[in-house]
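Read through the structure below, which is laid out as structure tokens, and then see the notes.
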Amino acid sequence: MILDMLKEENVQIVERVDNWKEAITVSLQSLLDQGYVTEEYGKSIIQITEEMGPYYVLTENVALIHGRPESGVLKKQLAVTVLRNPIKFSEDGYPVRLLVALAATDSESHLSVMQTLAELFMSEGAIDDLVNARDAKQVYEYLVEFDRKVQN
């Protein structure tokens, strides 16, 4: 469930970022500030991206920013960032406006939230609704409502 791993203060809307590295840093900042991850977590995601490419870009507008638990995850949590201006993580990649940062402490405890996120990403109109939200509170409330629908 999304609500098990997302606090309202971890949802933000950002006008723009200059590059994909900044997008990763911005998407993880609230998790770092609140002690869910260490600085090493973001650095490891950037390093893996430089080696393997942006493995976390799922589709147009959506990136699920995540790395290995042992690379600096302290507690499980999500953070959601909406970019008003899209960013590309590779020259030929999709433009991305919705960054979901995942801090998972192991390979299994977050699977239920991943199922809900998969349903969200496949739900017609959901991504458009999120990236066009007027403020972070509206993004959070949309996710809460979607989570309730899925759980019922």
Side-chain angles (χ1 to χ4, degrees), residues 1-37 39 41-46 48-50 52-67 72-73 75-105 109-152:
M1 291 181 18
I2 291 174
L3 291 180
D4 292 340
M5 287 185 63
L6 180 65
K7 296 174 12 180
E8 187 173 352
E9 57 265 36
N10 292 335
V11 178
Q12 64 180 338
I13 294 179
V14 174
E15 192 62 34
R16 66 183 308 272
V17 293
D18 291 331
N19 56 55
W20 65 267
K21 289 180 183 179
E22 184 181 358
I24 290 171
T25 302
V26 165
S27 74
L28 294 171
Q29 192 61 52
S30 68
L31 300 180
L32 178 63
D33 291 348
Q34 295 175 52
Y36 291 101
V37 299
E39 282 191 34
Y41 191 59
K43 289 177 184 175
S44 72
I45 294 170
I46 289 170
I48 294 168
T49 303
E50 289 172 337
M52 300 178 57
Y55 57 91
Y56 40 74
V57 175
L58 305 180
T59 185
E60 185 173 4
N61 280 323
V62 180
L64 180 62
I65 308 296
H66 66 287
V73 176
K75 297 182 271 188
K76 69 180 184 174
Q77 184 65 217
L78 285 174
V80 175
T81 302
V82 172
L83 298 174
R84 291 291 185 214
N85 294 290
I87 187 78
K88 284 188 172 188
F89 285 81
S90 63
E91 197 173 302
D92 59 347
Y94 293 115
V96 173
R97 293 184 58 203
L98 179 65
L99 307 170
V100 179
L102 171 66
T105 53
S109 64
H110 62 288
L111 293 180
S112 66
V113 78
M114 292 302 297
Q115 283 182 299
T116 304
L117 286 172
E119 289 186 46
L120 174 73
F121 298 154
M122 292 186 297
S123 179
E124 188 172 334
I127 301 306
D128 285 340
D129 289 344
L130 288 168
V131 300
N132 292 309
R134 69 182 173 278
D135 56 31
K137 184 171 182 60
Q138 187 179 16
V139 172
Y140 181 76
E141 288 171 353
Y142 187 96
L143 293 169
V144 167
E145 185 59 30
F146 187 87
D147 196 44
R148 284 192 183 121
K149 285 184 203 171
V150 169
Q151 300 313 315
N152 289 331

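The chain is numbered in sequence order, starting from 1. Heavy-atom basis, side chains included; hydrogens, waters and symmetry copies ignored.
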Taken in chain and number order and not counting sequence neighbours, the residues that satisfy side chain to side chain donor-acceptor pair (under 3.5 Å) with Y94 are none
Residues pairing under salt bridge (Lys or Arg N to Asp or Glu O under 4.0 Å) where one sits in residues 20-32, two or more places apart or in two chains, turn out to be K21-E50
- prompt: Just wondering, more than 12 heavy atoms not from E9 lying within 6.0 Å of its CD?
  reply: yes
Contacts of F121 meeting ring-ring contact (aromatic ring centres under 6.0 Å, His included) (sequence neighbours excluded), chain-then-number -> none
Item checked: Close side-chain approach of L120 to L130, heavy-atom, < 4.5 Å -> yes
Minimal heavy-atom distance between I87 and A23, with the atoms involved, is CG2-CB, 4.1 Å
In short, salt bridge (Lys or Arg N to Asp or Glu O under 4.0 Å) pairs touching residues 77-96 with sequence neighbours left out are none
Distance col, row R97:CZ vs N85:CG, nearest 0.5 angstrom, shows 7.5 Å
So salt bridge (Lys or Arg N to Asp or Glu O under 4.0 Å) across residues 111-122, not counting sequence neighbours, yields none
Those residues at least two apart in sequence (or on a different chain) that pass ring-ring contact (aromatic ring centres under 6.0 Å, His included) with Y140 are none
Nearest heavy-atom contact between P86 and P95 is CB-CB, 3.8 Å
Heavy-atom closest pair (Y55 atom, I45 atom, distance to 0.1 Å) is OH-CG2, 3.9 Å
Interatomic distance, CG@L78 vs CD1@I65, rounded to 0.5 Å, equals 12.5 Å
*Run the numbers on T49 and Y56 for side-chain contact (heavy atoms from CB on, under 4.5 Å), then give the verdict.*
CA-CA 9 Å; T49 303; Y56 40 74; 3.0 Å; yes
Taken in chain and number order and not counting sequence neighbours, the residues that satisfy salt bridge (Lys or Arg N to Asp or Glu O under 4.0 Å) with E60 are none
Heavy-atom nearest pair, G42 first then L28, reads CA-CD1, 3.5 Å
Please check this pair: side chain of T59 against backbone of V62, looking for a donor-acceptor N/O pair closer than 3.5 Å. no
One should read off an interatomic distance between L3 CG and L143 CG, to the nearest 0.5 angstrom, of 8.5 Å
| message | Please check this pair: side chain of Q77 against backbone of K7, looking for a donor-acceptor N/O pair closer than 3.5 Å. | response | yes
| query | Is the closest side-chain heavy-atom distance between V113 and D4 below 4.5 Å? | reply | no
Sequence neighbours excluded, the answer for side chain to side chain donor-acceptor pair (under 3.5 Å) partners of T25 is none
Applied to residues 131-152, the salt bridge (Lys or Arg N to Asp or Glu O under 4.0 Å) test, sequence neighbours excluded, yields E8-K137, K137-E141
Shortest non-hydrogen pair, A104 vs K76, comes out as CA-CB, 4.4 Å
Applying side chain to side chain contact (heavy atoms under 4.5 Å, CB included) to L64 and not counting sequence neighbours gives L58, H66, V100, L102, M114, L117
In short, side chain to side chain donor-acceptor pair (under 3.5 Å) pairs touching residues 120-131 with sequence neighbours left out are D129-Y142
Nearest heavy-atom contact between N10 and Y36 is ND2-CE1, 4.4 Å
For T81, the side chain to side chain donor-acceptor pair (under 3.5 Å) test, sequence neighbours excluded, returns Q12
**Item:** Side chain proximity check, Y41 to L31, heavy atoms < 4.5 angstrom
**Value:** no
Taken to the nearest 0.5 Å, the spacing of I127 CD1 from M122 CE works out to 11.0 Å
